[in-house]
Protein chains: 2
Amino acid sequence: MDTKVTVRTAEVIYAELVRRIVEGQLGPGDALNEVPLAAEFGVSRTPVREALQHLSISGLAERGPRRAFVVRRTDVPMLEDLFEALGEMEALCARMAALRMTAIERHRLAATVEEADGAVRDGDHAAYSGLNARFHAAICSGAHNRALDAATQVLRMRTLPWREAQFRAAAARLESSQAEHRGILEAILAEDGEAAHRAMRGHIAASMLLVTRMARERAG
Amino acid sequence: MDTKVTVRTAEVIYAELVRRIVEGQLGPGDALNEVPLAAEFGVSRTPVREALQHLSISGLAERGPRRAFVVRRTDVPMLEDLFEALGEMEALCARMAALRMTAIERHRLAATVEEADGAVRDGDHAAYSGLNARFHAAICSGAHNRALDAATQVLRMRTLPWREAQFRAAAARLESSQAEHRGILEAILAEDGEAAHRAMRGHIAASMLLVTRMARERAG
DNA sequence: TTGCGCAGTTATGTATACATAATCAACTGA
DNA sequence: TCAGTTGATTATGTATACATAACTGCGCAA
């Protein structure tokens, strides 16, 4: 058996901080000081430091004043870079997934889209966010290339805060996003790699338009 | 002024360990124990730990027996994943670079290729390795997308040990590699994105063939 | 002979004390 | 009044001691 009972404290803290940043509970520029966090989690600075370094390497934190870590501030040009790169890479995944996914994987993907229909009907953006993540993750893993999957996930994590905010802010985005998902799904089920590629690129581009507009409004 | 006098010890150690792994001084599975490394660098375990965690996140180290870090072992299927992903991403960079590089960047890229001609003539694979790295880095940065550049560099780092070994092992690879570089360069100078994409994909695929063959021979 | 279990060994996981660098603010002198 | 400097403050950087988990090998019993 290889049941891991021990969970590394640092990873728990890392995951929790990621959650807070993604959900917007911690905003850009917010302090991530070691001592308060250590006190909050009831541990010493050591595992907290580890988590913060991991966050920094993942691109979710950066060095602020007094060398302290703060939640990473992302300006509009960087956001555009991130979404452009993400769009290309997820499109790549979609093309490969259309050609490589197993029958079971295709079935699961279709089920996820079905389930998301319900969330859209109810206007439940929290549920939709989760299903959206599952949809994209399923496609990236369906490309059957672990290196590409991992590389894409890093970018997805860095854009996640904005993508989540997008659903919270613009209720109409749920419907258009879901429609785009349907298009991607159909292309994948039809094993049409080029169509899947195009559809995914368009989908991410649509997100980028909304997100950069939001970011500009907030800044201006 | 923001001249940084202080160099973070952990980063120095990280860079040194990366160098050793890339140059083959440290091979797959070799132990990366904290105490001996700390003694060698004349510091305590703390900064060494930091460097090792960074290595682990970068994909160059993994957990071995007794929870200790060891140099990551990469099997042939993973190698294929890495090269496939790298090929697609560098091809993406090449396409974008063909359309976006400035005149100065194009000029520098051409100069790098010229200089590499000399290394090929002399059969100096160490020099060629360096120029090869410069060539690829120039194209990735020439795409003018920092996120894509960063994502690609992570993959390049993980394949670097094998790509270096390739030049050391197969002298003929220098010439074919250089010929492929010329093809990529010409497409970029002609601002032909699609040709650059194709040429780069082919170039990485050729590397993959050689490298996986080497890996299989070594294993079998 | 083989399987199980127990202890020894070894390396990391964690806590904590102290060192150090960077910032902020108050003070001084022109 | 303002610029420059100096000291207090604050948070991280580093070292080290102790806790803990995992592997290894031995011994014992079936």
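Because the structure is predicted, anything quoted here is derived from the model rather than measured. Naming: A, B, ... by sequence-line order, numbering from 1 per chain.
Atom-to-atom, CZ of B:R63 to C1' of D:dC23 comes out at 15 Å; the value is rounded to the nearest Å. Whole-Å rounding puts the B:R49 CZ to C:dA11 P distance at 14 Å. D:dG13 atom C1' lies 11 Å from atom CZ of A:F69, rounded to whole Å. Residue B:E50 contributes atom CD, which lies 15 Å from atom P of C:dT12 at whole-angstrom precision. As a whole-Å value, the separation of A:R8 CZ from D:dA21 C1' is 12 Å. Look at CD on B:E11: it is 15 Å from C1' on D:dT14, rounded to the nearest Å.
Aromatic pair A:H54/B:H54: ring centres not closer than 6.0 Å.
Atom CZ of A:R20 is surrounded by more than 12 heavy atoms from other residues, nucleotides or ligands within 6.0 Å. More than 12 heavy atoms of other residues, nucleotides or ligands sit less than 6.0 Å from atom CZ of B:R168. Summarising the local packing, CZ of A:R106 is surrounded by more than 12 heavy atoms from other residues, nucleotides or ligands at distances under 6.0 Å.
Side chain to side chain, B:H197 and B:E88 fail the donor-acceptor criterion of an N or O pair below 3.5 Å. Side-chain polar atoms of B:S207 and B:R173 form a donor-acceptor pair below 3.5 angstrom. Under 3.5 Å, the side chains of B:H144 and B:D149 contain no donor-acceptor pair of N or O atoms.
Residue A:N33 places its side chain closer to D:dA11 than to any other of D:dA11, C:dG13, D:dT24.
Here the shortest heavy-atom pairing between A:A215 and A:L79 reads CB-CD2, 3.9 Å.
When each of A:G64 and B:E34 is assigned the nucleotide of DNA chain C with its nearest heavy atom, B:E34 is the one assigned upstream, toward the 5' end. Both B:P65 and A:L32 lie close to DNA chain D; mapped to their nearest nucleotides by heavy-atom distance, the more 5′-ward contact belongs to A:L32.
Ring orientation note: the planes of B:H136 and B:H181 are nearly perpendicular, at an angle over 60° on the 30°/60° scale.
Contacts between residues 52-59 of chain A and DNA chain D, defined by a heavy-atom separation below 4.0 Å, involve no residue at all.
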Would you list the protein and nucleotides 15-20 of chain D atom pairs, both N or O, that sit under 3.5 Å from each other?
unit_1 : atom_1 : unit_2 : atom_2 : d
D:dA15 : OP2    : B:S44  : N      : 2.6
D:dA15 : OP2    : B:S44  : OG     : 2.9
D:dA15 : N7     : B:T46  : OG1    : 2.8

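Taking 3.5 Å as the limit, the base of C:dT23 and the side chain of A:R66 contain a donor-acceptor pair of atoms between them.
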